[in-house]
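The structure appears below as structure tokens.
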Amino acid sequence: MPGVSGRMSTVIKAKISRLLDRAEDPGETLDYSYQRQLESLQNVKKGIADVVTAKKRLQMQSQKLEQSVVKLDTQARQALAAGNEELARTALERKNVAQTELQSLDQQVTELEAQQQKLTDSEAKLRQKIDAFRTKKEVIKAQYSAAEAQVRISEAATGVGEQMADVGLAMQRAQDKTEQMRARADAVSELEAAGTFDDLTALGPGQDDIDRQLAQLSSSSEVEDELAKMKAELGQGSGGQSKQLGEGGQQ
Amino acid sequence: MIVRISNEGQYRLDDRHHARLDELDDAVVGAVAALDESGFHARFEELLHFVRSEGEPLDDDDLEPSEFILPPADITFAEAGEEFSGEGLIPEPAPPGTG
């Protein structure tokens with residue numbers, strides 16, 4: 001069967017057979033291969049825990065960004081109320097950047113959650129298969145000659161191996177995702193740590209993508225729109241940027 | 001035959017579905033080769049739907065290995081492309097109508 005399933009099968013089966021080669025050296029007893037399976041299961045659990053931890057960190061980062069958005073909004077209002085339109089614009093630019101990052105982060109956390117769910121499901125299936133293997137090995141030990149047992153156990157181990165490869169794939173994808181997100185979130189934190197989103201050239205190397213995005217955003221008309229809206233809310237005329245504040249405007 | 005959808009599960013399909021599966025499969029390959037992203041997602045979804053609707057899910061404690069292993073449903077176009085240029089893959093696209 002040519003095509004995607006044929007080819008992918010070939011690749012994944014090659015991976016499985018490598019995996020089985022390691023587990024199935026002839027000296028290994030049935031019990032030992034079961035032990036190895038249990039060890040793998042432990043590793044999977046640890047891997048899942050790592051993914052969950054990484055996700056929580058990203059969620060915390062998202063909360064921090066949310067706070068930044070609120071803070072920058074307040075600062076923009078204060079600046080505008082004090083008649084400093086330039087400062088207000090800068091704050092709004094930063095808010096815009098933070099908001100965009102926040103949306104992207106939230107969306108990615110959602111995707112990660114879906115992958116994590118699949119990983120957990122796949123792990124549950126692996127546990128079931130390892131359990132079935134344990135039952136089967138007792139039957140095989142009791143009923144078959146050594147030579148035949150070898151054949152039957154290798155069949156059963158292939159089934160377990162395939163599930164292990166499946167968990168491995170799910171794990172890989174979830175880890176890739178967290179890695180990707182972390183790199184991006186780190187870049188944003190770096191911006192924050194630099195105190196501001198002020199100096200857009202203060203980015204480290206290799207962050208060209210974010211750099212470009214930032215540049216794009218700060219020139220966007222969204223900031224101007226928001227500024228105009230904020231002025232209207234503060235009761236400032238579209239042209240008048242100074243002291244029309246009146247009572248209650250200046251806190 | 002048994003077909004696995006990665007990160008989802010295994011399905012037992014009657015062997016008479018082999019030809020149809022192959023057709024759907026070729027369509028996916030064609031879309032990837034043509035760099036047709038939306039076509040790829042549509043065709044791939046069709047392939048998965050066929051397996052899910054015609055196949056009988058295997059029990060979780062079944063130890064039978066799969067004959068064919070399909071990538072996960074949420075595979076990205078970029079990932080699909082990588083699979084095709086990755087290790088052990090034959091570079092020339094499958095000629096249409098074979099199999």
Side-chain angles (χ1 to χ4, degrees), chain A residues 1-18 20 111-112 114-137 140 152-163 165-174 176-177, chain B residues 1-10 18-19 21-33 40 43-44 47-48 51 58-76 79-80 82-99:
Chain A
M1 182 164 165
V4 70
S5 60
R7 291 173 197 189
M8 298 236 180
S9 297
T10 311
V11 173
I12 291 176
K13 279 184 176 161
K15 283 180 187 157
I16 292 169
S17 89
R18 277 202 297 277
L20 287 176
E111 282 171 27
L112 181 60
Q115 285 184 346
Q116 189 194 322
Q117 187 54 50
K118 283 179 188 156
L119 177 56
T120 311
D121 292 348
S122 189
E123 187 255 359
K125 285 193 175 118
L126 177 60
R127 218 178 323 124
Q128 293 239 34
K129 284 193 201 286
I130 291 176
D131 235 33
F133 181 87
R134 189 195 52 189
T135 313
K136 198 158 184 169
K137 97 183 152 64
I140 291 169
R152 294 195 173 256
I153 205 63
S154 135
E155 279 167 16
T158 304
V160 177
E162 192 182 304
Q163 190 62 39
D166 192 71
V167 182
L169 178 68
M171 181 106 72
Q172 189 60 53
R173 300 185 90 228
D176 285 354
K177 184 98 216 164
Chain B
M1 73 192 135
I2 296 173
V3 178
R4 174 187 285 273
I5 299 175
S6 295
N7 302 173
E8 183 173 322
Q10 293 170 287
H18 198 134
L21 201 60
D22 200 14
E23 257 173 53
L24 292 166
D25 185 34
D26 285 347
V28 178
V29 178
V32 172
F40 161 75
R43 299 286 88 77
F44 186 52
L47 174 63
L48 296 181
V51 173
L58 246 63
D59 286 338
D60 286 350
D61 59 359
D62 201 312
L63 293 177
E64 275 193 79
S66 312
E67 215 166 319
F68 303 115
I69 299 173
L70 303 177
D74 62 350
I75 190 173
T76 63
E79 283 174 321
E82 270 168 37
E83 288 291 340
F84 282 94
S85 56
E87 53 167 349
L89 296 178
I90 308 144
E92 66 263 25
T98 50

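First the proteins, then the strands, lettered A, B, ... as listed; each starts at 1. None of these values were measured; they are calculated from a predicted model.
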Margin query: How long is the straight-line distance from CZ of A:R134 back to NZ of A:K129, given to the nearest 0.5 Å?
Written below: 16.0 Å

Checklist line | Under 4.5 Å from any heavy atom of chain B - which part of A:R173 | finding: side chain

Check: Are the side chains of B:L70 and B:V3 in touch, meaning some heavy atoms are under 4.5 Å apart?
Finding: yes

Next item on the list: Check whether B:E8 gets within reach of chain A through its side chain, its backbone, both or neither, counting any heavy atom under 4.5 Å.
Entry: backbone

Notebook entry, point to check: Between CG of B:L21 and CD of B:E67, what distance do you get to the nearest 0.5 Å?
Noted result: 10.0 Å

Checklist line | A:Q115, part contacting chain B, at a heavy-atom distance under 4.5 Å | finding: side chain

Notebook entry, point to check: To the nearest 0.5 Å, how far apart are CG in B:D25 and CZ in B:R43?
Noted result: 13.0 Å

Note to self: Under 4.5 Å from any heavy atom of chain B, what part of A:D166 do you find: side chain, backbone, both or neither?
What the structure shows: both

Margin query: What part of B:D74 gets within 4.5 angstrom of chain A, counting heavy atoms only: side chain, backbone, both, or neither?
Written below: both

Item checked: Backbone N/O of B:E64 and side chain of B:D62: donor-acceptor pair under 3.5 Å -> yes

Note to self: If you count heavy-atom pairs within less than 4.5 Å of chain B, which of A:S122, A:A124, A:A156 leads?
What the structure shows: A:A156

